[in-house]
Amino acid sequence: MKPRVRFAPSPTGPLHIGGVRTALYNYLFAKQNGGTMILRIEDTDQTRFVEGAEEYIIEAFQWLGVKFDEGVGIGGNYGPYKQSERKPMYKQYADQLIANGWAYYAFDTPEALEQKRKEYEAEKKNFQYDWRTRESMTNSLTLSAEEVAQRLANGDAYVIRFKHTPDTEILVNDIIRGEVRINSNILDDKVLYKSDGMPTYHLANIVDDHLMEITHVIRGEEWLPSAPLHVMLYKAFGWEAPRFAHLPLLLKPDGNGKLSKRDGDRLGFPVFPLQWKDPKSGEISSGYRESGYLPEAVINMLALLGWNPGNDQEVMSMDELIQLFSLEKISKAGAKFDLEKAKWFNHHYLQAYPNEKLAESLKLTLQGKGLDADMDKIIRVVALIKERLYFINDLWSQSYYFFERPTEYNEQVIKKRWKEGTAEHLMHIAEILTSTVPFDKTAAHDKVMDYIRGNELNMGQIMNSFRLTLVGDAKGPDLFEIIDILGVEETVIRLKNGIDAISKCAN
RNA sequence: GCUGCAUUCGUCUAGUGGUCCAGGACAUCAGAUUCUCAGUCUGAGGAUCGAGGGUUCGAAUCCCUCAUGCAGUACCA
């Protein structure tokens with residue numbers, strides 16, 4: 001049987017990178033087995049709806065190259081794929097559970113529950129709506145049938161709760177963790193159906209997974225504690241449960257604990273695939289895309305955070321990941337996010353990225369700064385500095401000196417490299433280069449080397465200061481490559497400008 | 001508190017009773033590439049496998065106890 005898996009986010013904001021990984025694992029598993037990947041939006045909590053979140057999710061996966069076969073924005077034979085649009089279908093399932101004794105009406109108001117909790121807290125106890133306490137609450141187990149009917153007829157607010165059977169051992173068979181056993185006595189009677197007429201996650205999740213014929217539920221470890229409830233729900237409905245796989249958490253790089261939005265801000269890396277602007281507060285959270293990451297790198301890095309192919313291979317394309325992936329090889333413990341490795345992956349993938357594309361990106365940056373250059377030159381520049389890139393956004397910081405003259409010169413470099421006589425030597429070199437016809441990098445190289453040798457100088461004495469006048473700093477690729485792109489005229493102008501400016505401030 | 005899950009180099013991890021006094025990658029350090037920086041290449045250091053007990057001829061690998069961490073404990077997902 002071909003697997004059917006789903007990624008089911010709730011549209012409460014941008015998609016957390018942990019969620020991205022969950023989706024990725026679902027996708028890899030589905031594709032490997034020729035199965036179906038479904039996007040379902042779990043928006044049963046209407047109070048937490050955030051404008052734009054759904055669109056964000058879809059766009060993020062498009063960027064990452066995780067493709068859904070079915071679901072919101074795509075369609076399919078199991079729709080609708082948004083739970084709010086499925087609202088009318090849940091009630092009958094809740095009713096079914098009441099009818100067969102697996103659930104009951106509860107009329108306790110939120111205030112009454114809050115009160116109860118306070119009472120318990122005063123005695124340092126924890127209130128839980130369960131088999132011990134439900135007898136003392138206001139529900140269809142304690143009220144007479146007439147009164148329940150009366151309240152229902154009156155339109156009194158109620159919820160429907162699951163009724164756990166005490167003293168039962170519930171077995172959750174998890175692909176990653178093996179058999180997890182839980183005694184039903186510690187479980188609470190979770191609300192399945194809310195007073196606003198919407199199901200809770202627990203009910204909607206089971207009903208939808210069943211109706212959509214989901215075969216494997218691959219989700220975050222934070223769901224493990226409610227897995228027994230879900231197993232019981234399948235049992236109560238008389239449905240076959242899907243297989244479960246609970247993924248380890250993504251942890252913050254320093255210390256312990258779940259990776260959160262704040263950690264990203266604090267440590268300087270994105271926690272979201274795309275940039276997100278909160279529609280209410282206007283607050284902006286950075287995204288991998290906007291930070292100059294390549295989707296291939298994000299995917300590769302994320303895939304390895306909690307999984308590996310069992311050998312030493314670490315660089316893998318999406319296709320390779322699909323081939324090699326296996327749920328059994330997912331690790332059990334949480335993984336700390338490693339920024340350095342993420343950077344390395346991005347650098348690695350950037351090297352295989354087409355120069356033309358990088359050039360287009362750089363061109364945009366140039367235009368934004370009011371600079372212009374023809375595409376041929378930009379491509380040449382890109383080819384020269386590519387190996388120094390860690391992010392697409394490094395393009396400018398690694399190449400600006402090809403497009404604008406230095407306006408300042410690194411003082412430490414001046415101190416170290418600008419000696420007596422430097423200015424004179426560079427003046428001579430400027431003259432020599434001007435009279436070099438035809439001019440190209442080989443000719444330039446030969447002339448400069450002749451000068452150095454002819455004056456019994458060593459390379460460093462000339463080249464470093466020369467570089468300083470062209471770049472403004474002690475960095476960059478081979479100097480003659482730079483000169484070649486700049487051209488004689490520009491080179492000579494920069495030489496003279498540099499000599500003037502530096503001589504002035506040196507004195 | 002209760003319940004559950006987890007625990008191998010700084011980090012991600014390999015490892016499923018002997019070939020492991022533990023392998024790889026990122027990071028770190030050193031050397032090379034001598035105009036600089038970056039990159040690249042080569043090499044090095046780095047884990048008494050959370051602790052303590054067992055089982056076994058033999059344990060990172062199996063069992064038990066403890067410790068620590070994390071997650072969950074809502075009419076949120």
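Quick caveat, the model's predicted, so the values are computed rather than measured. Naming: A, B, ... by sequence-line order, numbering from 1 per chain.
- Rounded to an integer number of Å, the gap from CG of Leu229(A) to P of U73(B) is 12 Å.
- One can find a donor-acceptor pair under 3.5 Å joining the base of C35(B) and the side-chain atoms of Arg467(A).
- Nucleotides U48(B) and C20(B) are separated by 14 Å at their C1' atoms, to the nearest Å.
- Rounded to whole angstrom, the span from the NZ atom of Lys336(A) across to the C1' atom of U8(B) amounts to 14 Å.
- Across the strands present, A74(B) finds no partner; the criterion is a Watson-Crick or G-U wobble pair with both atom distances under 3.5 angstrom.
- Electrostatic pairing of Lys447(A) and Asp450(A) does not count as a salt bridge here, judged by no charged N lying under 4.0 Å from a carboxylate O.
- Sorted by residue number, the members of residues 154-176 of chain A with any non-hydrogen atom under 4.0 Å from RNA chain B read Val159(A), Arg161(A).
- Within 4.0 Å (heavy atoms only), Gly476(A) reaches at least one base atom of the nucleic acid.
- In this structure, Pro248(A) reaches neither bases nor backbone, as no heavy-atom distance under 4.0 Å exists between it and the strands shown.
- If you check C20(B) for Watson-Crick or wobble pairing at under 3.5 angstrom, you find it has no partner at all.
- Arg117(A) comes within contact range of the sugar-phosphate backbone alone, with a heavy-atom separation under 4.0 Å but no base atom that close.
- Listed pair Lys343(A) / C12(B) fails the phosphate criterion, with no side-chain N or O lying under 4.0 Å from OP1 or OP2.
- Counting only residues at least two apart or on different chains, the side-chain hydrogen bond (donor to acceptor under 3.5 Å, both in side chains) pairs with a member in residues 385-402 of chain A are Tyr400(A)-Lys475(A).
- Across all strands shown, U42(B) forms a Watson-Crick or G-U wobble pair with A30(B), both key distances being under 3.5 Å.
- Atom-to-atom distance recorded for Arg161(A):CZ and Asp188(A):CG is 7.5 Å, nearest 0.5 angstrom.
- Contacts of Ser331(A) with the nucleic acid, taken as non-hydrogen atoms under 4.0 Å apart, involve only primed sugar atoms and P, OP1 or OP2.
- Between Ser10(A) and C76(B), a side-chain N or O to OP1/OP2 separation shorter than 4.0 Å is absent.
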Scan nucleotides 22-28 of chain B against the protein and return all N/O pairs shorter than 3.5 Å with their distances rounded to 0.1 Å.
unit_1: G24(B); atom_1: N2; unit_2: Glu314(A); atom_2: OE2; d: 3.0
unit_1: A25(B); atom_1: O2'; unit_2: Glu314(A); atom_2: OE1; d: 2.7
unit_1: A25(B); atom_1: O2'; unit_2: Lys341(A); atom_2: NZ; d: 3.3
unit_1: A25(B); atom_1: N3; unit_2: Lys341(A); atom_2: NZ; d: 3.1
unit_1: C26(B); atom_1: O2'; unit_2: Lys341(A); atom_2: N; d: 3.2

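- For C37(B), its base never sits under 3.5 Å from the side chain of Asp473(A) at any donor and acceptor pair.
- Heavy atoms of His246(A) sit nowhere under 4.0 angstrom from any nucleic acid atom.
- Counting non-hydrogen atoms under 4.0 angstrom, Gly306(A) reaches the backbone sugars and phosphates but no base.
- Under the Watson-Crick or G-U wobble criterion, with both distances below 3.5 Å, U61(B) has no partner in any strand shown.
- Taking side-chain N and O atoms only, Lys190(A) has no distance below 4.0 Å to OP1 or OP2 of C75(B).
- Residue pairs meeting the salt bridge (Lys or Arg N to Asp or Glu O under 4.0 Å) criterion with at least one partner in residues 395-409 of chain A, sequence neighbours excluded, are Arg405(A)-Glu490(A).
- Searching all strands for a Watson-Crick or G-U wobble partner of A6(B) with both distances below 3.5 Å returns U68(B).
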Could you list the donor-acceptor pairs under 3.5 angstrom formed by side chains in residues 7-17 of chain A, with sequence neighbours left out?
unit_1: His16(A); atom_1: ND1; unit_2: Gly18(A); atom_2: N; d: 2.8
unit_1: His16(A); atom_1: NE2; unit_2: Leu259(A); atom_2: O; d: 2.8

Polar atoms only, N or O, under 3.5 Å: list the protein pairs with nucleotides 61-72 of chain B and their distances.
none

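- Nucleotide U36(B) holds its C1' atom 13 Å from the CZ atom of Phe480(A), rounded to whole Å.
- In this structure, Lys441(A) does not pair ionically with Asp478(A), as no charged nitrogen and carboxylate oxygen lie closer than 4.0 Å.
- Taking side-chain N and O atoms only, Asn308(A) has a distance below 4.0 Å to OP1 or OP2 of A14(B).
- Note on Asp254(A) versus Arg266(A): salt bridge recorded, some NZ/NE/NH1/NH2 to OD/OE distance being below 4.0 Å.
- In this model, the phosphate group of C75(B) is not approached by any side-chain N or O of Ser195(A) to a distance below 4.0 Å at OP1 or OP2.
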